[in-house]
Amino acid sequence: MKFVLAPDSFKGSLTAKEATLAMKRGIQTVYPDAEIEMIPMADGGEGTVQSLVDATHGQLLTATVTNPLGHPTLATYGLLGDGHTAVIEMAAASGIQYIDDETANPLVTTTYGTGELMRAAMDQGATQLILGLGGSATNDGGAGMAQALGVQLLKADGTEVAVGGGNLSELVRIDASRRDPRLDKVEVIMASDVTNPLTGNTGASVVFGPQKGATPDQVQRLDHNLAHYAEVVARDLGIEVAEIPGSGAAGGLGAGLLAFTSATVERGVEIVLEKTHLRDRVKDADVVFTGEGGMDFQTQYGKTPMGVAQAVKQTAGDLPVIALVGKIGQGTEVLYELGIDAIFSTVPGVETLDQAISEAGSNVQKTAENVARLIRAMDGCGTAR
Ligand SMILES: O=C(O)[C@H](O)CO
C-alpha cells in the first residue's frame, strides 16, 4: 500500500508536518510496511513558509528588519531545498501582530520591513521570491517595500515621502532608477489571500483598513491616497495596477509588487502543489489523506484540502482522497462533488477547545488509524482499489 499524506496545519495546534507525522503513526499501526509519502501542505497563508521548508528540506533563515511601527524586529523566512527559492510571509515583517489597540494606525504603518526581507533573501542568492500576502498591519500600497528596495517616492521639494499610507498624498513623482538591480532578474510570485482591488468599495482601505485601526475618515483618506498613488504609478511607470485582482491584498502591497517587481499572481495552494511535486508523487498511490483544523463551505475556494483533492483527481482519476479535520462546519457536502471522498472529524467527543488543541496530535493519529482499519477491512472484501 502507498499512502500520500498532504494535510495543511491544524491552526493553533499542529503544524502541517506534525499533522502529517500523526497521520503516519496512525496508519503504521495498521500497515507497518506501507510506503508513506509525507507532503506537509499550505495554501499561501500563515504556515506556508514552514510547510514549504519542511516539504523541500529547506531552511528557516532570519533577518533584522523594520516592523510596521518602525522598530527593529527579527523576521523569519524560508529558503527552499532547491537553494534558489525564498518564501516570505509579508506578515513576518509587517503583520498585524506587531500592533495593538494603542499603536494601530494605518496612516503611518509601513511595509518597509517586507522590502528588507526581500533584500535579505536576495543576499542569500534567491532568484525566485514567493511572497505570501495577508495579515498585514499596513495600508501603504507597498510604498515602504518599494523604498526599501531603492525606489524613490518623491515629494514636490524632491525629498522622499515619509512612510505610511497617510503620506502618499504628497507623492508627485517616482524615480525607480536606483531600484535594486537584482530585481531585473528575480522572479516574484505573489500568493495573495484575497482578490480585492486596490481601491474603491471593495478595495484595501475600505475592506481591511478598519481591522488595522482606521477610523471612517481615515479609511476615506487612505483610499484616496492609494488611488493617487496608483495614478502616479501609471503615469511614471506605465503600469496600471489598481484593478488587478489581489492588488488590494495586504494593504495594497499587491499593487506595489505588481508595480515595482516582475510579480505575477498565483493561487497559494497551486504554488505549494508545484513546489512539493504532489501531482507526481500521488501517481502510484493507493490513497491520499489531507486535512486541516476546520472545514466548511469556504474550503472550496482555494483552501489546501480542495487544492490537493483537485490535483489528485486531475492526475490520478478516482484515487480516494480522505480528509481528517478538527471541526466539520456548515456546507461541506459540496466538497464531495469536488474531489473529497470522505471527511472525518478527529475530535472524539464533546471536549473543550483547550483539550481539542492539546490532544490534536493523538486525535489525528487515532482517526488515521481507524480510517486505515476501514481500508484494510474493505480490502478484505475486495472492494478497495
Ligand atoms: O492584510 C490584509 O489587508 C488582509 O489580510 C487582506 O490581504
Side-chain angles (χ1 to χ4, degrees), residues 44-46 65-71 73 75 89-117 131-148 151 153 155 160-172 174 190 192-234 241-260:
E46 192 197 336
V65 300
T66 308
N67 80 10
L69 297 170
H71 307 305
T73 191
E89 285 168 31
M90 74 78 65
S94 317
I96 199 153
Q97 75 279 13
Y98 289 110
I99 58 172
D100 57 26
D101 287 351
E102 273 169 28
T103 53
N105 181 358
L107 297 178
V108 300
T109 47
T110 177
T111 53
Y112 198 89
T114 297
E116 290 176 309
L117 214 46
L131 264 294
L133 270 54
S136 67
T138 51
N139 204 110
D140 72 347
M145 173 274 306
Q147 287 174 310
V151 175
L153 304 178
K155 297 196 282 194
E160 288 254 8
V161 170
V163 295
N167 293 310
L168 285 173
S169 53
E170 294 193 80
L171 175 68
V172 296
I174 296 174
M190 270 164 54
S192 104
D193 66 337
V194 296
T195 52
N196 298 64
L198 182 64
T199 54
N201 285 341
T202 56
S205 316
V206 173
V207 179
F208 303 107
Q211 77 195 28
K212 304 168 192 178
T215 62
D217 282 353
Q218 289 175 342
V219 164
Q220 291 313 314
R221 181 168 158 199
L222 288 165
D223 186 53
H224 186 266
N225 286 0
L226 287 183
H228 168 68
Y229 172 65
E231 271 167 30
V232 181
V233 165
V241 290
E243 300 299 328
I244 299 178
S247 59
L253 175 64
L257 287 167
L258 290 162
F260 301 112

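No hydrogens, no waters, no symmetry mates; every other heavy atom, side chains included, goes into these values.
Looking at every heavy atom in both residues, Ala214 comes nearest to Val219 through CB-CG2, 3.7 Å. Here the shortest heavy-atom pairing between Ala91 and Gly135 reads CB-O, 3.8 Å. Closest non-hydrogen pair, Ala255 versus Val241, comes out as O-CG1, 3.8 Å. Between Gln211 and Ile96, the shortest heavy-atom distance links the atoms O-CD1, 3.5 Å. Across all non-hydrogen atoms, the minimal contact from Val163 to Asn167 is O-ND2, 2.8 Å. Closest heavy-atom contact between Gly95 and Ala137: O-CB, 3.4 Å.
Here the CG-CE distance, from Asp140 to Met145, works out to 8.0 Å after rounding to the nearest 0.5 Å. If you take CD1 on Ile244 and CG on Leu257, they are separated by 11.5 Å, rounding to the nearest 0.5 Å.
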Notebook entry, point to check: Are Leu222 and Leu107 close enough, and set up right, to give a side chain to side chain contact (heavy atoms under 4.5 Å, CB included), and what steps lead you there?
Noted result: CA-CA 7 Å; Leu222 288 165; Leu107 297 178; 3.8 Å; yes

Item checked: Verdict with supporting geometry, Val233 and Phe260, side chain to side chain contact (heavy atoms under 4.5 Å, CB included) -> CA-CA 9 Å; Val233 165; Phe260 301 112; 4.2 Å; yes

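Residues forming a side chain to side chain donor-acceptor pair (under 3.5 Å) with Glu46 (at least two apart in sequence, or on another chain): none. Thr66 is linked by a side chain to side chain donor-acceptor pair (under 3.5 Å) to Glu116, counting only residues two or more places apart in sequence or in another chain. Remark: Val232 pairs with Leu171, Ile174, His228, Arg235, Asp236 by the side-chain contact (heavy atoms from CB on, under 4.5 Å) rule, at least two apart or across chains. Checked against side chain to side chain donor-acceptor pair (under 3.5 Å), Ser169 has no partners two or more places apart in sequence or in another chain. Thr109 is linked by a side-chain contact (heavy atoms from CB on, under 4.5 Å) to Pro68, Leu69, Ile99, Pro106, Thr138, counting only residues two or more places apart in sequence or in another chain.
Here the side chains of Leu258 and Met190 are in contact, with some heavy-atom distance below 4.5 Å.
Within the 3.5 Å criterion, the main-chain N or O of Gly165 finds a donor-acceptor partner in the side chain of Asn225. A donor-acceptor contact shorter than 3.5 Å is absent between the side chain of Tyr98 and the backbone of Ser136.
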Just distance, no hydrogens or angles: give the donor-acceptor pairs under 3.5 Å from side chains in residues 197-210, sequence neighbours left out.
residue, atom, partner, partner atom, Å
Ser205, OG, Asn139, ND2, 3.1
Ser205, OG, Asp223, N, 3.4

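Checked by atom type, the side-chain pair Thr111/Ser94 shows no donor-acceptor distance below 3.5 Å.
The number of heavy-atom neighbours closer than 6.0 Å to CD of Glu243, taken from other residues, nucleotides and ligands shown, is 12 or below.
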